[in-house]
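Right, one structure below, let's go through it.
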Amino acid sequence: MVISWPSVHLTLALEKTEIRHHRPTCFGTYMATFRPDFVLGLSIALLAVIQSSVAHELVRRASVCYGDLGCFSTAGQLHSLPYKPAEIQTTFTLKLRGNSYAAVVKAVDDPNTWHSTLAGSGFSAAKETKVIVHGYVDSGTTGWVGTMATELLKKGDYNVFVTDWGHGSRSSYPQAAANSFVVAAQLAKFINSLHTREGVDLAKVHLIGHSLGAQISGNAGSKCSGLGRISALDPAEPIFKTEVDDSKRIDKSDATFVDVIHTDGADFNLLQGYGLKDPVGHVDFYPNGGVDQPGCTDSAVLGILGAVGGGHDNSIACSHSRSHEYFTESINSNCRFDSHPCNSWADYEKGTCHGCPTGGCPQMGFNAVESSARGSYYVSTAESSPYCGHEYFVEMDLTGERVYSYGRIYLTFLGNTRNSREIEFTSENRHYHANDKEMHMLSLHTEVGSVTGVKVRFHRGDGLASLGTQHHITVHRIVLEDAVAKQRTTFCTHDHIINDDRCQTFRSHNGC
Ligand SMILES: [Ca+2]
């Protein structure tokens with residue numbers, strides 16, 4: 001078998017899995033604290049380092065055929081030949097209401113066996129069928145997969161299948177990407193079998209895939225004529241953006257309805273940008289602009305610290321993971337992720353895109369299919385769960401004081417029913433000058449009622465960028481607009497100085 005990538009370069013993910021099965025040692029215990037999303041980040045980082053060193057190597061082309069799954073080649077998009085189906089060990093676990101382990105279908109078995117496995121399991125062709133497909137490094141037993149299945153079964157009496165290709169996803173990223181094409185062929189074969197042998201209407205089949213799982217869903221859907229829906233949750237970008245054409249990646253031809261949530265669409269740079277940014281579905285949702293998610297640091301240093309025991313929000317793949325968290329929350333939440341058409345996130349932040357198309361705003365997530373809206377839509381979310389909330393446009397105007405400050409700003413909304421928790425106004429440190437205006441759309445998951453005041457905290461940033469900067473900002477006024485009621489309130493601050501890590505509360509409406 002010809003593999004164009006050095007076999008030594010990215011074995012970390014496998015080491016992690018193996019170490020967990022060994023007797024604990026100091027090294028083993030330490031490694032076992034590494035989280036899958038850390039392995040994702042480090043593994044892709046290592047990939048790129050070695051990619052640069054072998055970019056000019058002569059790559060031999062090879063292909064392999066796995067029976068009716070088809071042939072797979074390293075030519076074009078793939079750097080590696082995929083593992084054999086027997087190595088990937090793909091399974092489809094059926095979960096039903098009251099039975100979360102109703103049947104396990106092994107992809108390598110004969111389809112006649114699938115039929116007998118499903119017979120008597122409680123599977124019903126009359127029900128809608130949901131299929132969850134995990135991504136790189138994850139498996140069918142990864143926490144969010146089970147949580148999503150549970151929420152789906154709370155919502156409806158579905159057949160829910162969990163795809164587990166963990167033996168193929170926990171390898172180097174290029175290898176996992178190659179394996180994903182075999183999994184897509186297996187998933188397509190299974191779904192088509194549900195149609196031909198069990199009588200399932202493919203229009204009632206819905207694939208929900210995250211990251212590489214979204215690409216698997218697309219590539220499976222392209223082989224299942226009439227497939228109802230694919231929800232692509234931050235479809236994987238590396239390899240698929242530049243090296244694979246539409247016929248080999250998720251696009252709107254892969255199902256009757258393809259909805260996409262983009263959460264980490266920055267240009268891929270090892271630490272972020274695991275997701276595709278370009279619109280690829282019938283409707284594409286860009287929460288918080290689709291690049292960085294509030295509450296996520298996505299930074300190298302904090303990411304590594306998060307991976308070895310810190311908070312989830314500091315992990316490298318935090319923004320990438322938000323896509324499945326938003327979707328899972330949307331399944332049973334009473335809060336609507338109402339999303340708005342806009343030319344760009346920059347325009348959205350200016351508060352100019354509050355309207356809805358005829359028929360109403362599409363909702364990001366599970367309910368996206370209820371809208372006939374098509375195109376790209378924006379919504380802001382809270383920085384922690386529950387993410388869906390009440391949106392506000394906030395403009396903060398600094399005074400004409402010749403201040404030169406560096407840091408970030410936090411706000412607390414004071415309402416007539418309750419106060420919000422403190423939220424980020426600026427998601428990263430920036431410089432502030434005289435007469436600066438900063439505008440953002442913010443989402444509160446606390447219903448505060450009418451906003452009667454705003455508490456502002458300035459936190460001075462560290463590092464080289466802070467050299468020579470002052471320790472305060474001076475706010476002139478804060479303009480706040482309820483995105484639903486369209487009520488605009490101006491809080492006049494009388495040019496109060498806000499020192500580093502001090503709070504100032506503004507309630508006055510007069511004297512601006
Ligand atoms: Ca496609």
Side-chain angles (χ1 to χ4, degrees), residues 63 66 68-80 82 90 107 129-136 161 163 165 168-169 173-174 176-192 194-195 202-265 268 274-286 290 320 323-324 327 368-369 374-376:
S63 66
Y66 295 134
D68 57 3
L69 296 178
C71 297
F72 305 87
S73 169
T74 58
Q77 71 276 16
L78 293 179
H79 298 287
S80 304
T90 306
T129 297
K130 309 284 183 186
V131 183
I132 303 172
V133 192
H134 67 80
Y136 183 50
F161 285 100
T163 308
W165 61 288
S169 74
Y173 181 81
N179 297 342
S180 80
F181 286 88
V182 172
V183 180
Q186 292 174 315
L187 179 56
K189 180 179 171 182
F190 177 59
I191 291 168
N192 282 323
L194 291 179
H195 174 59
L202 290 189
K204 292 162 70 174
V205 176
H206 176 190
L207 311 185
I208 306 163
H210 173 243
S211 187
L212 275 179
Q215 300 292 359
I216 289 171
S217 300
N219 289 330
S222 67
K223 298 182 181 70
C224 300
S225 179
L227 186 81
R229 179 180 176 189
I230 296 173
S231 294
L233 311 179
D234 215 28
E237 174 185 288
I239 291 180
F240 290 87
K241 180 178 182 181
T242 55
E243 303 188 44
V244 183
D245 62 37
D246 270 355
S247 69
K248 296 279 176 57
R249 68 178 159 205
I250 182 79
D251 74 289
K252 61 185 175 187
S253 73
D254 295 332
T256 303
F257 181 65
V258 177
D259 55 306
V260 188
I261 300 178
H262 302 265
T263 53
D264 190 21
F268 176 63
Y274 301 129
L276 276 176
K277 183 164 192 189
D278 297 336
V280 290
H282 295 93
V283 59
D284 287 72
F285 295 95
Y286 293 88
H320 191 43
S323 56
H324 62 66
F327 189 92
V369 70
R374 297 292 181 264
S376 296

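Computed from a predicted model, the values in this text were never measured in an experiment. In listed order, ligands and their atoms are each counted from 1.
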*Excluding sequence neighbours, so at least two apart, what forms side chain to side chain donor-acceptor pair (under 3.5 Å) with Lys189?*
Asp68

*asked:* Going by the rule side-chain contact (heavy atoms from CB on, under 4.5 Å), which residues pair with Ser376 if we only count those two or more places apart in sequence or in a different chain?
replied: Pro279, Asp284, Tyr286

*Are Thr90 and Gln186 close enough that a side-chain donor and a side-chain acceptor fall under 3.5 Å?*
yes

*asked:* Tell me which pairs pass salt bridge (charged side-chain N to carboxylate O under 4.0 Å, His left out) where either residue lies in residues 208-227, with sequence neighbours left out.
replied: none

*For the pair His210 (side chain) and His320 (backbone), establish whether a donor and an acceptor sit closer than 3.5 Å, ignoring hydrogens and angles.*
yes

*Could you count the protein N, O or S atoms found under 3.0 Å away from the Ca ion (ligand 1)?*
5

*Do the rings of Phe257 and His282 sit parallel, tilted or perpendicular, given the 30° and 60° boundaries?*
parallel

